[in-house]
Amino acid sequence: MKNTLRTALASAVLLTCSMSAWADVTVQGQYLQLGINTGGSLIDFGTMTGLKFDPTGSGNFSSPIDFLSPGIPFAFYSIGVNGNWATAGGGTPTNPFGTATLNLSGAAGSPFVLTMNGSYSGLAFQQVISYSQASTAIHSTITFQNVSGTQLNNVVYAAGVDPDQDSNVYGQPWTQNTISGQGTNASVSATGLYTGYTLSMNNTTGWVATTASITGSWSTNPYGLAGAVVNDGNGDNTINLGYQLGNFAPGQEKTVGFDYAVTAVPEPETYAMMLAGLGILGALARRRAKQAV
């Protein structure tokens, strides 16, 4: 492996040699509390913490509102190499890549989580998830390297979540979903119809071959998610980003990154009334009544 990965791994081991960090972790700042499991996908399955938001910035996460853990908790990332693929997370703390997750927040001075030792079909990778204490955006950076000694072809990566921010309090898993861009500007978001809270995934590293999608099938197949755009619209759907990484020569390294960003309207009640006036909530109610028949 190149020195960049070796240095990061060695530093992580030195910094955490006295810490029991090889497990699911939960980190928090003033606005966001985030759970990450040992496989590197979102959600701490030990505490069932997904992503919680305190709009006051006081670090109070006692509210039952969580973007990811209600119902069937669903967050994942997946990797494909030479046409084959595997998924970490996706409703359970599945860890097919042999990773370990380290909480380095103490050394960094703000939420900072490293997922290391990942490997799939000769492709090594590491993931850093971090954000500042006062931030409402979470940065995810993934570095891949071909350690197989031979060329790896048709490499893809995808990540996605099922936002359910209205479920715990309002019993409503539906969100209003929007794709705002593709390619270097790939962005997709989901807004709670009652809370008015929005979770978006935004490409940040300028990677051109990036696809933003909304899927009702909860697919984790990175070849599909990094391919043609799918937009299944509003509903209890997932939002996703897929990356076509192409071929890797022996030793070659590539990096991609994106943000999970949380925003809120000032008065959720006003937002809900506005949507009701537009007939959106009424349409959802009629659909639920029809499904119950």
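One distance of note links OG1 of Thr255 with CD of Gln126; it measures 8.5 Å at 0.5 Å rounding. Between Thr238 atom OG1 and Trp218 atom CH2 the span is 8.5 Å, to the nearest 0.5 Å. The structure places CD of Gln165 at 13.5 Å from NZ of Lys52, a figure rounded to the nearest 0.5 Å. Atom-to-atom distance recorded for Thr26:OG1 and Leu34:CG is 7.5 Å, nearest 0.5 angstrom. Note that OH of Tyr194 is 5.5 Å distant from CD of Gln172, once rounded to the nearest 0.5 Å. Rounded to the nearest 0.5 Å, atoms OG1 (Thr195) and OH (Tyr170) are 7.0 Å apart.
Asn237 and Gly216 get closest at one heavy-atom pair: OD1-CA, 3.2 Å. Of all heavy-atom pairs spanning Asp236 and Pro173, the tightest one is OD1-O, 3.4 Å. Here the closest non-hydrogen pair linking Ser213 and Val188 is O-CG2, 3.7 Å. Summarising the geometry of Ala137 relative to Leu32, their closest heavy-atom pair is N-CD1, 3.9 Å, with the distance given to 0.1 Å. Nearest heavy atoms, Leu241 versus Ala186: CD2-CB, 4.0 Å. The shortest non-hydrogen separation linking Ala190 to Thr175 is CB-OG1, 3.7 Å.
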- Message: As a quick check of understanding, evaluate side-chain contact (heavy atoms from CB on, under 4.5 Å) for Met201 and Asn240, giving each step before the final call.
- Response: CA-CA 7 Å; Met201 296 180 68; Asn240 317 273; 5.6 Å; no

- Query: Given the rule in the side-chain contact (heavy atoms from CB on, under 4.5 Å) test, do Thr263 and Thr136 qualify, once you have shown the distances and angles that lead to the verdict?
  - Reply: CA-CA 7 Å; Thr263 56; Thr136 58; 5.6 Å; no

- Message: Would Thr92 and Thr94 count as a side-chain hydrogen bond (donor to acceptor under 3.5 Å, both in side chains) here? Give the steps.
- Response: CA-CA 5 Å; Thr92 64; Thr94 306; 2.6 Å; yes

- Message: As a quick check of understanding, evaluate side-chain contact (heavy atoms from CB on, under 4.5 Å) for Phe112 and Val27, giving each step before the final call.
- Response: CA-CA 8 Å; Phe112 190 103; Val27 295; over 6 Å; no

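When the side chains of ILVMFWY residues are joined at heavy-atom separations under 4.5 Å, either directly or via intervening members, Phe258 and Val161 end up in a single hydrophobic cluster. No continuous path of hydrophobic side-chain contacts links Val230 to Tyr243 [ILVMFWY only; heavy atoms under 4.5 Å]. Phe248 and Val156 are not part of a single hydrophobic cluster, where members link through side-chain heavy atoms under 4.5 Å apart. Residues Phe61 and Phe67 fall into different hydrophobic clusters, defined by Ile, Leu, Val, Met, Phe, Trp and Tyr side chains chained together at heavy-atom separations under 4.5 Å. Under the 4.5 Å side-chain heavy-atom criterion for Ile, Leu, Val, Met, Phe, Trp and Tyr, Val229 and Ile239 are members of the same hydrophobic cluster.
In this structure, the side chain of Gln127 engages the main chain of Gly40 through a donor-acceptor pair within 3.5 Å. Between the side chain of Gln244 and the backbone N or O of Ala226, at least one donor-acceptor pair lies under 3.5 Å. Distance alone, capped at 3.5 Å, places no donor-acceptor pair between the Asn146 side chain and the Gln252 backbone. With hydrogens and angles ignored, the 3.5 Å screen pairs a side-chain donor or acceptor of Asn203 with a backbone N or O of Gly183. Between the side chain of Thr178 and the backbone N or O of Ser180 there is no donor-acceptor pair closer than 3.5 Å.
Sorted by first and then second residue, the pairs that involve residues 54-72 and meet side-chain hydrogen bond (donor to acceptor under 3.5 Å, both in side chains), not counting sequence neighbours, are Asp54-Thr56, Asp54-Ser58, Thr56-Ser58, Asn60-Ser62, Asp66-Ser69.
Side chains of Val256 and Thr210 form no contact here, defined as non-hydrogen atoms less than 4.5 Å apart. Looking at Asp24 and Thr38, their side chains come closer than 4.5 Å, going by heavy atoms from C-beta outward. Using a 4.5 Å cut-off on side-chain heavy atoms (C-beta onward), Thr204 and His139 make no contact. With contacts defined as side-chain heavy-atom distances shorter than 4.5 Å, the pair Gln133/Pro111 qualifies. The shortest distance between side-chain heavy atoms of Ile138 and Ser140 does not fall below 4.5 Å. Looking at heavy atoms from C-beta onward, Leu199 lies in side-chain contact with Val262 at the 4.5 angstrom threshold. The closest side-chain heavy-atom distance from Leu42 to Ile129 is below 4.5 Å. Here the side chains of Asn234 and Asn177 are in contact, with some heavy-atom distance below 4.5 Å.
Checked against Thr101 for a side-chain hydrogen bond (donor to acceptor under 3.5 Å, both in side chains), the options Asp44, Asn37, Asn95, Thr115 give a single hit: Thr115.
Taking the six-membered ring for Trp and the full ring otherwise, the centers of Phe125 and Phe97 sit less than 6.0 Å from each other.
Taking Asp162 as the reference, nothing meets the side-chain hydrogen bond (donor to acceptor under 3.5 Å, both in side chains) condition, with sequence neighbours excluded.
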Side chains of residues 72-86: which donor-acceptor partners sit under 3.5 Å, not counting sequence neighbours?
| unit_1 | atom_1 | unit_2 | atom_2 | d |
| --- | --- | --- | --- | --- |
| Tyr77 | OH | Gly39 | O | 2.7 |
| Ser78 | OG | Thr220 | O | 2.7 |
| Asn82 | OD1 | Asn153 | N | 2.8 |

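The closest side-chain donor-acceptor pair between Asp232 and Thr215, if any, does not fall under 3.5 angstrom.
Ring geometry for Tyr197 versus Phe53: interplanar angle over 60°, hence perpendicular rather than tilted (30 to 60°).
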